[in-house]
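As structure tokens, the structure follows; a few thoughts come after it.
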Amino acid sequence: MNPLSLDGKRVLLTQASDFMGPALREVFVELGANVITDEGPLDNPSRPDALIQQAGHIDVMLVNLGIPAPSTPAADVSQDEWCSAFAHMVDPLQRLVKAVLPQMTARGSGKIVLIGSASALRGIRRASTYSAARGAQLAYIQSVGIEVAPKKVQVNAIAQNYVDNPTYFPAEVQTNPVFQEKLKREVPLGRLVSAREDAMFAAYLASPAADCFVGQVFPVCGGWITR
């Protein structure tokens, strides 16, 4: 028996066409999951709850939220930029979790996996807005994770960087010699983590094999945060 089997599990995947969405869908389907995808923005306050209600029974929720990362110097960050980052990445997370938890806690089973960012774990120049929003995500997951653990619901996060995906590392970036040198210099792995490697780890966290993890943040970044 495959310990990562997700046969028959109903999995909700947000922002399915962006960031890690395509890789997550492919891997979870391969492992037997029934993947319910949503591709629309979730910044409208009423959408997350409506999405959960429409999806019905959810065994696993993959919160995949990504935006093009602003690169504004901290002194020049506008209120609109700051609020937009939180509106697209932090507020939907809280609303999605709030909407899905009642059914999971009532059953005494469920998994929530956030696809977050290691930018919250190591300082990056000109990334204050993005890093702050990603940091809020991780703090929220840690708190909720320990709160619902006694109800047999596991909530965890992947904090990633230097993972192959079209939102942050499109082809034109990857083929740039400057980026290639930066990759060798800053990432001990010496390459991008593949989308499949990352998605397989998400599948592990969503499987019964990972029932012991609660409120934890797992860096997936080729060793970048250790440099």
Side-chain angles (χ1 to χ4, degrees), residues 1-40 42 47-66 89 92-116 137-138 140-160 163-165 193-218 220:
M1 179 179 177
N2 184 351
L4 292 186
S5 173
L6 296 171
D7 283 346
K9 297 294 185 182
R10 289 177 57 82
V11 177
L12 176 63
L13 170 62
T14 68
Q15 210 170 323
S17 61
D18 303 313
F19 191 24
M20 298 306 301
L24 288 167
R25 184 183 184 281
E26 179 181 338
V27 165
F28 275 69
V29 168
E30 283 181 15
L31 294 173
N34 175 12
V35 181
I36 305 155
T37 59
D38 182 76
E39 298 183 357
L42 293 167
R47 272 218 71 223
D49 185 68
L51 176 59
I52 299 300
Q53 295 301 320
Q54 182 180 5
H57 181 108
I58 299 169
D59 295 300
V60 178
M61 183 167 70
L62 299 174
V63 186
N64 175 63
L65 301 169
M89 295 195 293
L93 170 63
Q94 186 270 338
R95 292 168 184 147
L96 287 164
V97 172
K98 180 181 178 182
V100 82
L101 275 181
Q103 61 165 279
M104 290 184 171
T105 57
R107 291 194 307 266
S109 68
K111 303 270 190 177
I112 299 172
V113 180
L114 167 71
I115 311 302
Q137 286 184 327
L138 300 188
Y140 178 74
I141 289 296
Q142 289 175 313
S143 181
V144 174
I146 62 170
E147 180 180 325
V148 300
K151 299 176 182 179
K152 296 184 170 43
V153 176
Q154 291 84 43
V155 181
N156 294 289
I158 292 174
Q160 66 181 61
V163 174
D164 188 3
N165 72 84
V193 176
S194 75
R196 186 173 182 83
E197 287 171 323
D198 189 54
M200 286 297 292
F201 186 62
Y204 168 71
L205 291 178
S207 76
D211 284 352
C212 59
F213 297 117
V214 294
Q216 291 184 240
V217 173
F218 296 92
V220 176

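All values derive from a computational prediction rather than experimental measurement.
Looking only at distances, a side-chain donor or acceptor of R10 sits under 3.5 Å from a matching main-chain atom of A55. Within the 3.5 Å criterion, the main-chain N or O of V217 finds no donor-acceptor partner in the side chain of Q142.
The distance from atom CG of N34 to atom CG of L6, rounded to the nearest 0.5 Å, is 11.5 Å. To the nearest 0.5 Å, atom CZ of residue F201 and atom CD1 of residue I115 are 10.0 Å apart. Atom CD of E39 sits about 9.0 Å away from atom CG of L13, to the nearest 0.5 Å. The distance from the CG atom of L138 to the CD1 atom of I158 is 11.5 Å, given to the nearest 0.5 Å. Rounded to the nearest 0.5 angstrom, L65 CG and T14 OG1 are separated by 4.5 Å. Remark: Q15 CD to L42 CG distance equals 7.5 Å, nearest 0.5 Å.
The shortest non-hydrogen separation linking A23 to A199 is O-CB, 3.7 Å. Looking at every heavy atom in both residues, T37 comes nearest to A16 through CB-CB, 3.6 Å. When all heavy atoms are compared, the tightest approach of A202 to L24 is CB-CD2, 3.7 Å. Here the closest non-hydrogen pair linking F28 and A206 is CE2-CB, 3.8 Å. A pairwise comparison of heavy atoms in I58 and Q103 identifies N-OE1, 2.9 Å as the closest pair. In plain terms, the two heavy atoms of S207 and D211 that are nearest each other are O-OD1, 3.9 Å.
At least one side-chain heavy atom of R47 sits less than 4.5 Å from a side-chain heavy atom of D38. Between Y140 and V97, some side-chain heavy-atom pair lies under the 4.5 Å cut-off. A heavy-atom distance below 4.5 Å is found between the side chains of Q160 and N165. Looking at K9 and K111, their side chains never come closer than 4.5 Å, going by heavy atoms from C-beta outward. Using a 4.5 Å heavy-atom threshold, the side chains of V148 and M104 count as separate. Between I112 and L96 the shortest side-chain heavy-atom distance does not fall below 4.5 Å. Side-chain contact check for Q154 versus V214: some heavy-atom pair is nearer than 4.5 Å. Residues N156 and V113 fail the side-chain proximity criterion, which asks for heavy atoms closer than 4.5 Å.
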(request) Could you give me the CA-CA distance, side-chain angles and deciding distance for L93 and I141, then say whether side-chain contact (heavy atoms from CB on, under 4.5 Å) is met? (result) CA-CA 9 Å; L93 170 63; I141 289 296; 4.2 Å; yes
(request) Show the numbers, then the answer: is there a side-chain contact (heavy atoms from CB on, under 4.5 Å) between D198 and D164? (result) CA-CA 9 Å; D198 189 54; D164 188 3; over 6 Å; no
(request) Carefully, step by step, assess L12 and V100 under the rule side-chain contact (heavy atoms from CB on, under 4.5 Å). (result) CA-CA 10 Å; L12 176 63; V100 82; over 6 Å; no
(request) Evaluate the criterion side-chain contact (heavy atoms from CB on, under 4.5 Å) for residue pair L101 and K98; output intermediate values, then yes/no. (result) CA-CA 6 Å; L101 275 181; K98 180 181 178 182; over 6 Å; no
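Within a 6.0 Å radius of CZ in R95, more than 12 heavy atoms belonging to other residues, nucleotides or ligands are found.
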